[in-house]
2 protein chains.
Amino acid sequence: MNLHSLRYFYEATKYSSLTEASHYLHISQPALTKHIKNLEEEYGVRLVEKNGRLLSLTDLGEELIKECDFLFQQSEKIEQLLKQKSSHIPLKVGVTQLNSEEFIKHILVNDKFKDIQIELTTDNTQKISQLLINHFIDVALLPDTPTLVDFKREKIFSDKLIFVAHPDYCKSNISLKELDSYSFIKREDGSFIQDTLDNWQTDGLYFSNQVATHNEALLLAQYKNGIYLCSSMQAQTMIKSNKLKKVTIESFPVFSRDFYLYFNKNKQVKYFKRYVKEIIDEIKH
Amino acid sequence: MNLHSLRYFYEATKYSSLTEASHYLHISQPALTKHIKNLEEEYGVRLVEKNGRLLSLTDLGEELIKECDFLFQQSEKIEQLLKQKSSHIPLKVGVTQLNSEEFIKHILVNDKFKDIQIELTTDNTQKISQLLINHFIDVALLPDTPTLVDFKREKIFSDKLIFVAHPDYCKSNISLKELDSYSFIKREDGSFIQDTLDNWQTDGLYFSNQVATHNEALLLAQYKNGIYLCSSMQAQTMIKSNKLKKVTIESFPVFSRDFYLYFNKNKQVKYFKRYVKEIIDEIKH
DNA sequence: GAGAATTACGCGCGGCGTAACCATC
DNA sequence: GATGGTTACGCCGCGCGTAATTCTC
């Protein structure tokens, strides 16, 4: 029997619709439908029936799910056994400065990664891509990179520059006229963030403080020290926990970069990819 | 985890070597190796180790197999549940006269087919192939057939014309000089078998009796009535049970036809194919 | 018309077989 | 040299996503 289709069927029933399930299972909705049809056709049985515009389980479907509980519980047990005895060499991951902190915070410490041992390398895009090419690392999280043009990759998220501030510090939408009512947090000269700000408005911005790192800037922003421009990825968790809010400023252009996972062939990479995507989903929420 | 590879690994351990297992599991031996490697690489574990020129299970491998017992026992239970509730429309199978008796005897009454309901049509090759083309039947067992040239097919066995006789009736190898010491069983004039015999030796053959059907001829041969020319497929079981033996006659040319399963797309056909192949293997032994 | 499922279709990867090679007896 | 396992390689089908369609509220 096709245990692959059975697994998807089983997992899908944990959600209220196929569409919802497809989202959480990281598979397209038509593909899920197909898996269910597979089972039904293979055995000439009906497992689901139409219920309004949703599907619901037939009696046989319910019965099947109960049996699947045992099956996949056992399969889980086996997987744990194997993972426990695993002597994997660590998966070598390369990231840029921009990602590294978020990576460490949200990905590497995540429970999902308890069974993948990871060795992290942080360097600039150029160096990381060279490591990947020379097989010194297995995976790299990087923006679009010319030297990796024919490498396997998968888009993970789109990073944009956004303004953030303490929720009480200012309105959420600020017009150009209102700009002088607020102060901005200044990053070190020559940094990408500061250059972007300077190029946008050479005058008219009032800077409260200058800091040396992204972390310092975030801290100041939290203490209502001003509005701070940073990558949406880096601010996401603070926004989610309401320590900061996103601030839109009139006519500020969109600076965005897509980030990809580039990878060499490696059995573990598959899981790594899935976990990363799941975690990114959680962050985006 | 990859339950497909796990299944093959599990089943393979029931045999003494991969080569032997591959034969019974109807998969090539390199493919089996690959499945095991899959599991080992996915989890970074060792499941088998070299033991002379054979493989044997590691401790972890043994442990894994124990857990797999539960897993695939449960999977079997689920499969039974589904098959029991199955409301399959019968699988429509077409065969020629030549095959039909062997089919009914050795295939359709076989235990393996208890969960596939079969509707059998017997007719000549031309008619059967038309039924297949028009989707009136799902599977057909036929020799190479020009009208089905771009149909999906799979070679099932090669049928040859052979001489058979009672084990005590004659020697196993007969030279041309000795031919006149034995009598032959004569089929009805115009039959393929009789025509073949007549075209080979227009004189010099002594015919004891003339019969109307293959079954009658087999019966006579069993009663030491003479040597009988028939298809190897049709005589196989009598030979296996020592009621008849194969007789080689000097300079008799090989008349052989390959038989194929031709099939339309149908979920059940997969199982049908596998069962047929297994049974053919049993017959060939 | 919005949300859900189904059908149609095309692409890429993985599973498989064949063949050649290596290792053990 | 015979038997069993491994590596290399290429093909085909299955699993999947995208897009268009149907169905329900």
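Note that the structure is predicted; figures quoted are calculated from it, not measured.
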Q. With A/K273, which of A/E154, A/E278, A/H26 fulfils side-chain hydrogen bond (donor to acceptor under 3.5 Å, both in side chains)?
A. A/E154
Q: Determine whether B/K246 and B/S172 make a side-chain contact, defined as any pair of heavy atoms from C-beta on separated by less than 4.5 Å.
A: no
**Q.** Any side-chain heavy-atom pair of B/I239 and B/K245 under 4.5 Å
**A.** no
Applying a 4.0 Å non-hydrogen cut-off, can you work out what [X] is touching in the nucleic acid: base, sugar-phosphate, or nothing?
{"X": "A/Q29", "value": "base"}
{"X": "B/K270", "value": "nothing"}
{"X": "B/N51", "value": "nothing"}

Go through [options] for me and flag the one nearest to the [X] side chain.
{"X": "A/S17", "options": "C/dT7, C/dA19, C/dA4", "value": "C/dA4"}
{"X": "A/L18", "options": "C/dA8, C/dA5, D/dG15", "value": "C/dA5"}
{"X": "A/S28", "options": "C/dC25, D/dT6, D/dG17", "value": "D/dG17"}
{"X": "A/P30", "options": "D/dA8, C/dA5, C/dT7", "value": "C/dT7"}
{"X": "B/L54", "options": "D/dG5, C/dG15, C/dA4", "value": "D/dG5"}

Any side-chain N or O of [X] less than 4.0 Å from the OP1 or OP2 oxygen of [N]?
{"X": "A/T33", "N": "C/dA5", "value": "no"}
{"X": "B/K152", "N": "D/dG13", "value": "yes"}
{"X": "A/N2", "N": "D/dG15", "value": "yes"}
{"X": "B/H35", "N": "C/dC16", "value": "yes"}
{"X": "A/H4", "N": "C/dG14", "value": "no"}

Q: Assign each of A/A31 and A/G52 to its nearest nucleotide of DNA chain D by heavy atoms, then name whichever residue's nucleotide is nearer the 5' end.
A: A/A31
Q | Position toward the 5' end of DNA chain D (nearest nucleotide), A/H26 or A/K50 | A | A/H26
Q) Hey, is A/K14 close enough to A/E11 for a salt bridge, meaning N to O under 4.0 Å? A) yes
Q. Given that A/K37 and B/K34 both sit by DNA chain C, which one's nearest nucleotide is further toward the 5' end?
A. A/K37
**Q.** Among B/F9, B/Y8, B/Y10, ring-ring contact (aromatic ring centres under 6.0 Å, His included) partner for B/H35
**A.** B/Y8
